[in-house]
Structure formats: structure tokens, C-alpha cells
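For reference, the structure is listed below as C-alpha cells.
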2 protein chains.
Amino acid sequence: MTDSKGSRGRAAAGKRQRLMAAAARVVHRQGADRTTIADIARAADVPVGNVYYYFKTKDELVAAALGEHARQLELLTGRLDRLPDPRERLKDLVEAWVGQRDLAARYGCPTGTLAVELDKRPEGGLDVEAGKVIRLLLDWVERQFRELGLPDPDELALTLVGAYQGMSLLANALRDPGVMLRQGARLTGWLDSLPGGTRL
Amino acid sequence: MTDSKGSRGRAAAGKRQRLMAAAARVVHRQGADRTTIADIARAADVPVGNVYYYFKTKDELVAAALGEHARQLELLTGRLDRLPDPRERLKDLVEAWVGQRDLAARYGCPTGTLAVELDKRPEGGLDVEAGKVIRLLLDWVERQFRELGLPDPDELALTLVGAYQGMSLLANALRDPGVMLRQGARLTGWLDSLPGGTRL
DNA sequence: GTCTATACGGAGATAGAC
DNA sequence: GTCTATCTCCGTATAGAC
């Protein structure tokens, strides 16, 4: 009953999907703690009480928001993977970050800021999940550096992703998208300056 | 009445100071939203209801926590200013960050994570204050780069502080102090590689 | 499956005794 | 100045009608 193919199931799936998307959006802007179930329901255009039919607890909604961010990330890296040159992939990644500069200057990196918030909770909950999403990005970046044949690809990945998280945080704290623009350009230059070539 | 010199005033000032210190400590670990007045009162060993004699609202306590972090920062830069070489000052700053790696791996940078949280609030409140504290650090670092006679000292400051914020966030999300250790070493190497010398 | 009304708990803030 | 008791609001979660 209520499978994802029936007409009711489709409507249900639609609402569920809307709730997940809304959770991702609203939690990014307000933070998990300050976001109420009512906020998410309103943003998803779903009646408040109905939410609990799809998600048993608020934390499940926060986890869903995190999942949405992971999905977006995989969508992006999936597109980048179609480029032949790993260096170009990384440069396009930086470009994508810079393209989000206005949102970042107002609310920070969606995954990064959520990770910061969840890490303040007592261990044994969602805190680990946020780390996993960041690991996802870290691993993908590391793979690109490895393909370029560079030494310590894992350290290089930490440097690149760290720089992104740092510039997002500063752009956010200073409310200045220009920080993303200028530091992004610096990162692009750094990527260009690195030795290494595709091994094919 | 109740000036800071009288015996009662001294007791009061002591409690106030204890509350500020406790607020800084607890808010760093739990985040501002998840921290209750009771949490801070307990940590400061002050009866709950008494807190409102010293701080009219919870936000005043959060602001006080921010002020404590600013004070700590000025204490540190004050010590570093005694070193003759600006490059040494910056390297010692990095060393100080690395020295805090265990705390950073568990709870992140006190100021950075608080800024992230406050930036999720509707504008016109404490969100700007957090930016000011980060500006304090940024300006001090910029001054060092300028003393070294390097071009774009403001951009270099964003790079260095951004790298610190980024590595703190990653160390925190991955729960790995080693990130601070290794990325800190990278930063030290970077500082050494920069041209420029003291102009005296 | 959908939605309303409400129970429940927790946290910020206040009144007022000491 | 110090502290207890309590008021009040708000958000999560549930019960149960439709």
C-alpha cells in the first residue's frame, strides 16, 4: 500500500520531496535549532500537522536537509566528472563556489555551517553525519589531485576544501561576497601553479 | 553605590566576571541557542535566578561571551607584538592555533563558530558583533603583512585567517586534531616562503 | 492519507521574600 | 544584593476526527 507508483503515492512522494527541499533551504538560512517544523511546513506549502506523517521527528528532517546537500554535491561532481582534465574539474569547482558567492556571503556554505552547528551537540547523533558529507567532497577532490599525479593528494584536498570553508565563513561574517571573488581567483591561480598532468 | 571598589562591588564584579568566563566556555561547547541560562549559572557557580541581576537578557550574556573571546585575542596579539619580527609574530600566531588543536577538533574556533551561528539570525542584532571580532584579528594580521612590505596585505590576511577558519572547521567536522597539525605546518612553510623583510 | 486541536515540556524572564 | 518560586510563551509531538 501507498507505494511510490500509485496516484496517492505520487502525491505523497511529492510532498516528501518538497519537505526535504524546504528543509534544506530553510535550515541553511536559519540554522537547525532556530528552524521550527512550522517554518519548514510553510516553506513546503504543507500543513503543519501533516509533516509528522512523513518525518517522525525534527531530527529526521534535519538529516533529510543534510541528505539534500549531499545530493546537490553529487550532482555537481557528476557534471564535473565529464570534463577530461582533473585540473579543469577543480577549477570549475572553484568557479561554482564563486558563483554561489551571494548566498555564501549571507548564510555561509550550507554543509559547512550545518556541520558547525551539529558539532555542538552531544556526540552520538547527527554530528557524525555532517562530517560524512564533507568527507564526500574531500574524497572527490583528493581523487582529482591523485589523477594529476601530485604527492599528498589528501593534504591538498584539505587545503582546497579548507580554503573554501574559510573564505565562505569570512565572506559570511563580513557580509562581503567580494571575499569569495578574490579568494576564489587566488585558488584558481594556485591550481594553475601546481605541477602534474593527466596520466592517460 | 555598588562601585567596583567596595567590598560588595568586588564580590559582584567577581560574579559578573565568572559569568562572562563561563558564558564564553559553555557557549563555545554547546552553541548559543542550545546553552541555557541555567547551564551558564551552573558553570559559574552562581544561582540561576541571580544571573538576571547582572545580565538583563540572554543575548547580553552571548554578547559578553563574544567580548571575552575578543579579550583573549587582544591578550594574544599583545604578547606577539613584543616580538621584533612581524613574520615571527605570524608564525607564533599559527603555533598558538595549533596548540589549541584538541579544543578546535572538538568544538571549532570559538569566534568562528559563534559567528556562524549568529549569522543565521535575522539581521540587526548580534550578527554584526561577531564580524567585528573577526575584523580585529584580520586587521592585526594585515598590519603584520604590511610591516613586511608585502603587496595586498589585506588579501594576505584574508588568506591566512581564512585558512585557519577552514582548517578548524574541517578538524572539527572530522574530529581530527591532526588536520590542524598538518595544515598548520603548511601555513608556517607558506609564511617562510613569502618575500619581504622588516622595514626599520 | 490529510489535517486540527491539544497535551506536554522546557526555557526565558519576572515578582517579590530575604 | 541575593535567591526562590512562578508565570508565560513557544515548539515538539500526539491523539484522533475526517
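Below, all heavy atoms of this structure are taken into account, side chains as well, without hydrogens, waters or symmetry copies. Here is the naming used below: chain letters follow the sequence lines, and residue numbers restart at 1 for every chain.
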| request: Using heavy atoms and a sub-4.0 Å distance, could you list which residues of residues 21-31 of chain B are near DNA chain D? By number, please. | output: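 Within residues 21-31 of chain B, no residue comes under 4.0 Å of DNA chain D.
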| query | What's the spacing between A:T77 OG1 and A:L93 CG if we round to 0.5 Å? | reply |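 Between atom OG1 of A:T77 and atom CG of A:L93 there are 9.0 Å.
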| Once you round to the nearest 0.5 Å, how far does CD1 of A:I40 lie from CG of A:L61? |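 Answer rounded to 0.5 Å: 4.5 Å.
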| Of the options A:E74, A:H69, A:E68, which is the one that meets A:R71 in a side-chain hydrogen bond (donor to acceptor under 3.5 Å, both in side chains)? |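 Result for side-chain hydrogen bond (donor to acceptor under 3.5 Å, both in side chains) with A:R71: A:E68.
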| Which of the following nucleotides, D:dT2, D:dT12, C:dC3, is nearest to the side chain of A:K15? |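 For A:K15, the side-chain atoms sit closest to C:dC3.
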| message | Taking the minimum atom-to-atom distance to the side chain of B:P47, which one of C:dG12, C:dT2, D:dT4 wins? | response |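 The answer is D:dT4, which lies nearest to the side chain.
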| message | Looking at B:F145, I'd like to know if the NZ or CZ of B:R87 sits under 6.0 Å from its six-membered ring centre while staying within 45 degrees of the ring's axis. | response |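 No, a cation-pi geometry is absent between B:R87 and B:F145.
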Write down the distance between [atom1] ([X]) and [atom2] ([N]), rounded to a whole number of angstrom.
{"X": "A:D33", "N": "D:dC10", "atom1": "CG", "atom2": "C1'", "result": "14 Å"}
{"X": "A:R16", "N": "C:dT2", "atom1": "CZ", "atom2": "P", "result": "13 Å"}
{"X": "B:D39", "N": "C:dG10", "atom1": "CG", "atom2": "P", "result": "13 Å"}
{"X": "B:Y54", "N": "D:dC3", "atom1": "OH", "atom2": "P", "result": "8 Å"}
{"X": "A:R34", "N": "D:dC10", "atom1": "CZ", "atom2": "P", "result": "13 Å"}
{"X": "B:Y53", "N": "C:dA13", "atom1": "OH", "atom2": "C1'", "result": "18 Å"}

| Contacts to DNA chain C from residues 117-128 of chain B, heavy-atom cutoff under 4.0 Å, which residues? |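 Close to the strand, none.
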| task | Please step through salt bridge (Lys or Arg N to Asp or Glu O under 4.0 Å) for the pair B:D92 and B:R89, ending with a clear verdict. | result | CA-CA 5 Å; B:D92 276 27; B:R89 288 184 210 134; over 6 Å; no
| Nonpolar side-chain network containing B:V26, other nodes, edges under 4.5 Å |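 Taking Ile, Leu, Val, Met, Phe, Trp and Tyr as members, B:V26 stands alone, with no cluster partners.
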| Pairing of A:D119 and B:R106 as salt bridge, 4.0 angstrom limit |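 No, this pair does not count.
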Would you list the atom pairs, donor with acceptor, under 3.5 Å between side chains in residues 152-159 of chain B and any protein atom, with sequence neighbours excluded?
from: B:E155; atom 1: OE1; to: A:Q183; atom 2: NE2; distance (Å): 3.0
from: B:E155; atom 1: OE2; to: A:R182; atom 2: NE; distance (Å): 2.4
from: B:E155; atom 1: OE2; to: A:R182; atom 2: NH2; distance (Å): 3.2
from: B:T159; atom 1: OG1; to: A:Q183; atom 2: OE1; distance (Å): 3.1
from: B:T159; atom 1: OG1; to: A:Q183; atom 2: NE2; distance (Å): 3.2
from: B:T159; atom 1: OG1; to: B:E155; atom 2: O; distance (Å): 3.0

| request: Show the numbers, then the answer: is there a salt bridge (Lys or Arg N to Asp or Glu O under 4.0 Å) between A:R18 and A:D45? | output: CA-CA 8 Å; A:R18 282 203 326 265; A:D45 200 36; 5.1 Å; no
| field | Nucleotide-resolved protein contact map, nucleotides 13-18 of chain D, B/S/- at heavy-atom distance under 4.0 Å | value | BB----
| Pairs meeting criterion ring-ring contact (aromatic ring centres under 6.0 Å, His included) with involvement of residues 14-39 of chain B, two or more places apart |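 Found B:H28-B:Y107.
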| said: Would you call the rings of A:Y164 and A:W97 parallel, tilted or perpendicular, taking 30° and 60° as the class edges? | reply: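 It falls in the parallel class, under 30°.
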